[in-house]
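What follows is a set of notes on a single structure, which appears directly below.
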Amino acid sequence: RNHPGRVQSLMLITANRQRQRMTVTSLPANHVVKLPDYGHHSSAALGDITSLGGSRELVNAVQRDLKVPVDYYLMMTPHAVTKAIKQINGVAITPPATFTSHHVRFTRNQAMQMNSRQVRAFTAPLKNDPQGAGGARYRQRLVLIAMLSHTATYRKLVNRPFIAKISGEAVTNAHFSEILAISDNYRGTSQHVVNNSLEDGDQADRERVGDVARDNLHLAKRTLFGSH
């Protein structure tokens, strides 16, 4: 989230301890969903929903649209993400394409240990993105996956001093004890990650994305109705 009321990047994460598998799915901020409880605001883009009903309404909208249960949410400002990357001394990422962004050169298939400034450049939208319209979302997922897979992530991020440091720049419905439990019980799932994205937003695409997430939660496939 980069300023009040507008969310720029959304990801739906599922973790399966038995399978030791995680799914990370990008949801476009401009994906329009129905809001049955908001009168003339009967529909809205995902990125705008927090200005109407806060984080909880955004979670409800995602659950209704994809028919995937969401237990916990975490909303962070870009500054909080920068602090997290600094806290773990950067992340190792292999760029999927060659490009230059904010005066930083990235080379396809050449691994980099990126600091927070390089990560910001890596995930920024590009005018002529070599990966197309979803390029920035794909790179954002790579950064999140790299952070979750980092051996120091849980030790350096899941502690009271760091959480206090970002408390004014992050919002979650999880209590500290729940954050600790998730860290202890699900950290192994980040070693096998399914990288996914909602692209067209039509019924077939929403069913595809929802089925991947539901399968990782041992839930049956669902047929979704309507375009949104």
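We count residues from 1, following the sequence as given. Both backbone and side-chain heavy atoms feed into the values below; hydrogens, waters and symmetry mates do not.
Smallest separation of non-hydrogen atoms from I179 and A174: CG1-CB, 3.9 Å. Residues S149 and S190 approach most closely at OG-O, 3.1 Å, considering heavy atoms. The two residues T189 and N16 make their nearest non-hydrogen contact at CG2-O, 3.3 Å. Of all heavy-atom pairs between R137 and A133, the closest is NH1-O, 4.1 Å. Nearest heavy-atom pair across S55 and V171 is OG-CG1, 4.5 Å. Taking all atoms of both residues into account, the shortest heavy-atom contact from Q203 to T223 is NE2-CG2, 4.2 Å.
A salt bridge between R222 and D211 is absent, with no side-chain N of the basic residue lying under 4.0 Å from a carboxylate O of the acidic one. For the pair E57 and R64, the salt-bridge criterion is met [side-chain N within less than 4.0 Å of a carboxylate O]. Ion pairing between E207 and K221 fails under the 4.0 Å rule for side-chain N and carboxylate O. Ion pairing of R139 with D129 is present here, as a side-chain N (NZ or NE/NH1/NH2) and a carboxylate O approach within less than 4.0 Å.
Screening L148, V194, T14, N195 against M22 for a side chain to side chain contact (heavy atoms under 4.5 Å, CB included) leaves a single residue, L148.
Note: L224 CG to R206 CZ = 5.0 Å, rounded to the nearest 0.5 Å. Of the inter-residue distances, the one linking L58 atom CG with M75 atom CE reads 5.5 Å to the nearest 0.5 angstrom. Atom-to-atom distance recorded for T25:OG1 and M11:CE is 10.0 Å, nearest 0.5 angstrom. Rounded to the nearest 0.5 Å, atoms NE2 (H103) and CZ (R105) are 14.0 Å apart. Distance check: S26 OG to L10 CG gives 9.0 Å after rounding to the nearest 0.5 Å. Atom-to-atom distance recorded for R155:CZ and L157:CG is 10.0 Å, nearest 0.5 angstrom.
Between the Q63 side chain and the V70 main chain, a donor and an acceptor come within less than 3.5 Å of each other. With hydrogens and angles disregarded, a donor-acceptor distance shorter than 3.5 Å links the side chain of T77 to the backbone of A80. Remark: the backbone N or O of K67 is paired with a side-chain donor or acceptor of R214 at under 3.5 angstrom. Under a 3.5 Å cut-off, the side chain of R187 and the backbone N or O of S183 do form a donor-acceptor pair. For the pair N115 (side chain) and G90 (backbone), a donor-acceptor distance under 3.5 Å is absent. Looking at N173, its side chain does come within 3.5 Å of a backbone N or O of Y73 through a donor-acceptor pair. One N or O on the side chain of Q87 and one on the backbone of K156 form a donor-acceptor pair closer than 3.5 Å. Here the side chain of D65 pairs no donor or acceptor atom with the backbone of A61 at under 3.5 angstrom. A donor-acceptor pair under 3.5 Å is absent between the side-chain atoms of S116 and the main chain of I85, judged by distance alone.
With no hydrogens or angles considered, no side-chain donor-acceptor pair links N196 and R141 at under 3.5 Å. Remark: the S9 side chain and the Q140 side chain contain an N/O donor-acceptor pair separated by less than 3.5 Å.
More than 12 heavy atoms of other shown residues, nucleotides or ligands fall within 6.0 angstrom of atom CZ in R56. Counting heavy-atom neighbours within 6.0 Å of H102 NE2, excluding the residue itself, gives a total above 12.
Under a hydrophobic clustering in which Ile, Leu, Val, Met, Phe, Trp and Tyr are joined whenever their side-chain heavy atoms come within less than 4.5 Å, directly or via other members, L12 and I182 fall into different clusters. Note: the hydrophobic cluster containing V193 does not contain V212 (ILVMFWY, side chain heavy atoms under 4.5 Å, direct or indirect links). When hydrophobic clusters are built by joining Ile, Leu, Val, Met, Phe, Trp and Tyr residues whose side-chain heavy atoms come closer than 4.5 Å, directly or via intermediates, Y72 is not grouped with I49. Residues L180 and I163 share a single hydrophobic cluster, defined by chaining ILVMFWY side chains whose heavy atoms lie under 4.5 Å apart.
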request  = Begin with the C-alpha distance, continue with both residues' side-chain angles, and end with the deciding distance and a verdict on side chain to side chain contact (heavy atoms under 4.5 Å, CB included) for S42 and K34.
outcome  = CA-CA 6 Å; S42 59; K34 292 181 179 179; over 6 Å; no
query = Given the rule in the side chain to side chain contact (heavy atoms under 4.5 Å, CB included) test, do Q118 and Q113 qualify, once you have shown the distances and angles that lead to the verdict?
reply = CA-CA 9 Å; Q118 292 167 323; Q113 180 67 24; over 6 Å; no
task = Would you please test I166 and M76 for side chain to side chain contact (heavy atoms under 4.5 Å, CB included) and show each step?
result = CA-CA 9 Å; I166 65 169; M76 301 174 69; 4.2 Å; yes
key: R19 and D215: CA distance, side-chain angles, deciding distance, salt bridge (charged side-chain N to carboxylate O under 4.0 Å, His left out) verdict   = CA-CA 11 Å; R19 294 178 180 174; D215 176 71; 3.1 Å; yes
Side chain to side chain contact (heavy atoms under 4.5 Å, CB included) between R108 and T94, intermediate numbers included = CA-CA 7 Å; R108 183 175 183 269; T94 300; over 6 Å; no
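The ring-ring contact (aromatic ring centres under 6.0 Å, His included) pairs that include a residue from residues 109-143 are F106-F122, where partners are two or more places apart or lie in different chains. Pairs of residues two or more places apart, or lying in two chains, never qualify as ring-ring contact (aromatic ring centres under 6.0 Å, His included) while including a residue from residues 157-204.
Considering only heavy atoms from C-beta on, D205 comes within 4.5 Å of L198 through its side chain. S43 has its side chain out of reach of L35: every pair of non-hydrogen atoms, C-beta onward, lies at least 4.5 Å apart. Side-chain contact check for V104 versus T100: every heavy-atom pair is 4.5 Å or farther apart.
Residues meeting the salt bridge (charged side-chain N to carboxylate O under 4.0 Å, His left out) test with R120, sequence neighbours left out: none.
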